[in-house]
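Note sheet for the following structure.
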2 protein chains.
Amino acid sequence: MNEANAERDYLESYRPGDYPSVALTADLVVFAVTGGVLRVALVRRGAHPFKGRLALPGGFVGPRESAEAAAGRELSEETGLDLGTLPVHLEQLATYSAPGRDPRMRVVSVAHLVLLATDGTSLPAVSAGTDAAGADWYPVHEMLAGSTGESLAFDHLQILAEGLQRLAGKMEYTTVAARLLPGEFTLTQLRTVYEAVWNAPLAAGNFTRKMTPQLEDTGRKVRASTGGAPAALFTASDRYIYPPLSRPGQE
Amino acid sequence: MNEANAERDYLESYRPGDYPSVALTADLVVFAVTGGVLRVALVRRGAHPFKGRLALPGGFVGPRESAEAAAGRELSEETGLDLGTLPVHLEQLATYSAPGRDPRMRVVSVAHLVLLATDGTSLPAVSAGTDAAGADWYPVHEMLAGSTGESLAFDHLQILAEGLQRLAGKMEYTTVAARLLPGEFTLTQLRTVYEAVWNAPLAAGNFTRKMTPQLEDTGRKVRASTGGAPAALFTASDRYIYPPLSRPGQE
DNA sequence: TGAATAGTGTCTGTCAGACAGTATATT
DNA sequence: AATATACTGTCTGACAGACACTATTCA
C-alpha cells in the first residue's frame with residue numbers, strides 16, 4: 001500500500017475524538033473618523049450578561065468559514081456595508097482566550113480591526129444586530145480615558161485599546177490611514193485622520209513634505225469651499241513609509 | 001427583582017446551545033540563534049496526515065487554560081524548558097482559521113512566537129512529543145527559501161514566515177533581540193542576533209553607537225578569549241528604541 | 001610584535017522640526 | 001481688500017552611513 005492510499009484510508013477511518021472544543025467568535029473594532037475625532041462602533045447589549053453595557057459588535061464563526069470571513073459577514077450584517085464593493089480595510093488583531101472571559105461558557109474571540117472610509121463629516125448608520133438594544137458611534141480616546149461614564153462589557157476595553165494601538169502604530173510606517181478616507185483625498189484630510197488617531201496636532205507644512213512622495217497625485221484639485229487655495233487630490237496604494245513618520249510624544 | 005438577581009438567575013438557567021464549536025490548538029514558532037544562524041524548532045510528524053513532514057510543535061488548548069498558557073505548557077512538554085525559571089519570551093502571533101487547513105477536522109490554531117536564550121553556540125535539546133518521530137532545529141532562512149528540500153505540514157510555512165516577519169520588525173523598535181541571548185551579553189553577540197534574523201550584515205561601529213544608550217551597562221567586561229579587546233557586558237530591559245533602527249534593504 | 005577584536009572620532013548627506021513666506025482661492 | 005487655506009523655502013540640529021583610527025587583549 002502506498003502513502004497516498006495510507007493517507008486516504010486514515011482520513012476515512014478517522015473519527016473526531018473528545019478533544020476540548022470552544023465556541024469561536026469574531027469581534028470587530030470598527031473605526032471611523034468624523035469631525036476630527038476617532039470613533040468606534042459599539043452596540044448596547046440587550047441581554048445578559050452585561051445587559052445594558054456597551055460592547056464590540058461580533059458573532060459566532062460558522063463551521064465552514066474563517067474568522068476573517070465571519071468578521072466580514074458580521075460587518076455587513078451589523079452595518080449594512082458590503083466588503084465586496086466598498087474598499088474596507090479588515091485585518092486580524094489578536095485572539096482573546098482567557099478562561100472565564102465570558103461567564104456563560106468557553107468563548108474564544110478573534111478580534112479584528114476594521115477601517116471605514118468616510119468623508120470626515122458623516123458616519124454610516126450602524127444597526128443593532130441580534131441581542132442588541134442599539135448601536136452607535138463613540139469617541140475612542142474619551143472611552144479609553146474613561147471620561148464618558150460608559151464601561152465596556154467582557155474584556156472589550158482591552159481589545160479596543162489594542163486595536164487603537166495597532167492602528168496608531170501602523171500609521172507610522174504605512175499609508176493605511178488613507179483607508180479611513182474616500183478613494184481620493186487631500187493632504188489636509190489625511191492629516192486630520194492622523195491627528196484624530198494619534199490625538200495630537202501635526203505641523204501641516206512638514207506633513208505635506210513627508211507625505212506627498214508616499215501618495216499618488218491625481219493631478220486634479222478639489223473645489224475650494226471655505227476660502228483658500230484648492231488642495232490637490234491624492235490616492236493611496238498600501239505601501240511602506242521609510243523612514244517612518246515620527247509620532248509626537250512617543251520618544 | 002434587581003439586576004444582580006436577574007443576572008444570577010440568567011446564568012443558572014443558561015444552557016449552552018448548539019453554537020458551532022472548534023478544536024483549538026496552540027502552535028509554537030520557537031526561535032534560537034546559534035552559529036550566527038536563526039533556527040526554528042520543528043518536529044517530524046509520525047502520524048497522518050502529513051506523516052513524515054516537518055511541522056511546528058503544538059497541541060490542544062485545554063478547557064480551562066488560555067492559549068498563551070497552553071503554549072507555555074506545550075513548550076515545556078516539547079523542549080523540557082520551564083517558563084517559570086528561564087526568561088523565555090512568548091507572545092501571540094496570529095490565529096489561523098481557514099476551513100480545511102486540517103483535513104481531519106475543524107482546527108483553529110493560535111500561533112505563538114517564542115524566543116529562547118542561548119549563548120550563541122549550543123542549542124537546547126528538543127524532544128519529540130506525542131505523534132512525533134523526532135524533533136530538531138532547522139535554519140529559518142533556508143527553510144523559507146526552500147533550499148533545504150523540506151516542506152512544512154499544514155499552513156505552517158506561512159506561520160513560520162509571519163513569525164519571522166514579526167520578530168524582524170519588532171527588532172527595529174524594541175530590544176527584544178536580547179531575549180535570544182543570556183541575561184548578560186556583549187554588543188557583538190547582540191549584533192550577531194540582528195544579522196542572523198535580518199539575514200544581512202551590519203556595520204559594527206554604528207551598531208554600537210546606536211545600541212549602547214538603549215541597554216544597561218553592567219560595568220563589567222567579558223574575558224577576551226579570542227584575542228582582542230574585552231567587550232563590555234550589557235543587560236536589556238524591554239524598551240522602545242526611538243527612532244528605530246534601520247534595517248538594510250528595507251527601503 | 002603581530003593579529004584580532006572593541007570601541008571612538010569624524011565627515012557627509014539626509015531629514016525632522018520650526019516657521020517664514022508665497023500662491024490661490026472665497027467673501 | 002481682507003482672510004483663509006495650500007503649499008514651498010529655509011534654517012538648524014540630529015543622526016545614519018561610511019570608514020579611519022585608537023585601545024586592549026591573546027599568541
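Predicted model only: the values in this text are computed from it and were never measured. Here is how names work: the chains are called A, B, and so on, in the same order as the sequence lines, proteins then strands, and each is numbered from 1.
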**Report entry** Spacing of A/Leu215 atom CG relative to D/dC7 atom C1', expressed in whole Å
**Finding:** 15 Å
**Report entry** Donor-acceptor contact present, side-chain B/His156 to main-chain B/Pro57, <3.5 Å
**Finding:** no
Query raised in the report: What does A/Ala232 touch in the nucleic acid at a heavy-atom separation under 4.0 angstrom: a base, only the sugar-phosphate, or nothing?
Result: sugar-phosphate
Requested in this report: Specify the separation, in whole Å, of atom CZ of B/Arg220 and atom P of D/dT24.
Outcome: 20 Å
Report summary line: Taken to the nearest whole Å, CZ/A/Arg247 to C1'/C/dG17 is 18 Å
Query raised in the report: Roughly how many Å is it from CE in A/Met211 to P in D/dT8, rounded to a whole number?
Result: 15 Å
Query raised in the report: When you measure from the side chain of A/Ala229, which nucleotide among D/dA23, C/dG7, C/dT24 comes out closest?
Result: C/dT24
For nucleotides 18-21 of chain D, which of its nitrogen or oxygen atoms have a protein nitrogen or oxygen under 3.5 Å away, and what is each distance?
residue	atom	partner	partner atom	Å
D/dA18	N7	B/Asn206	OD1	3.3
D/dA18	N7	B/Asn206	ND2	2.8
D/dA18	N6	B/Asn206	OD1	3.2
D/dA18	N6	B/Arg209	NH2	3.0

Query - C/dA16 phosphate, OP1 or OP2, under 4.0 Å from A/Lys210 side-chain N/O - result: yes
Requested in this report: May I ask you to say what B/Thr188 touches in the nucleic acid, namely base, sugar-phosphate or nothing, with a heavy-atom cut-off under 4.0 Å?
Outcome: sugar-phosphate
Query raised in the report: Would one find a side-chain N or O of B/Thr208 under 4.0 angstrom from OP1 or OP2 of C/dT8?
Result: no
Query - Which nucleotide in D/dC7, D/dT25, C/dA16 has an atom nearest any side-chain atom of B/Pro230 - result: D/dT25
Query raised in the report: Just how far, in rounded Å, is P of D/dC7 from CZ of A/Phe207?
Result: 12 Å
**Report entry** Whole-Å gap separating C1' (D/dT8) and CG (A/Asp217)
**Finding:** 15 Å
**Report entry** Spacing between B/Gln214 atom CD and D/dC15 atom P, to the nearest angstrom
**Finding:** 11 Å
Query raised in the report: Any idea how B/Tyr194 and B/Phe207 line up, ring-wise: parallel (<30°), tilted (30 to 60°), or perpendicular (>60°)?
Result: perpendicular
Report summary line: Value for CG (A/Asn199) from CG (A/Leu38), rounded to nearest 0.5 Å, stands at 9.0 Å
**Report entry** Length of the OH-P vector between A/Tyr242 and C/dC15, whole Å
**Finding:** 11 Å
**Report entry** Heavy-atom pair with the smallest gap, counting every atom of B/Leu42 and B/Leu56
**Finding:** CD2-CD2, 3.7 Å
Query raised in the report: Listed by chain and number, what are the ring-ring contact (aromatic ring centres under 6.0 Å, His included) partners of B/His112, not counting sequence neighbours?
Result: none
Query - Closest to the B/Arg191 side chain, choosing from D/dA16, D/dT5, C/dA6 - result: C/dA6
Report task. Keeping the roles fixed (side chain from B/Arg166, backbone from B/Gln92), state whether a donor-acceptor pair exists under 3.5 Å. Result -> yes
Query - Any B/Leu245 side-chain heavy atom under 4.5 Å of B/Leu202 side chain - result: no
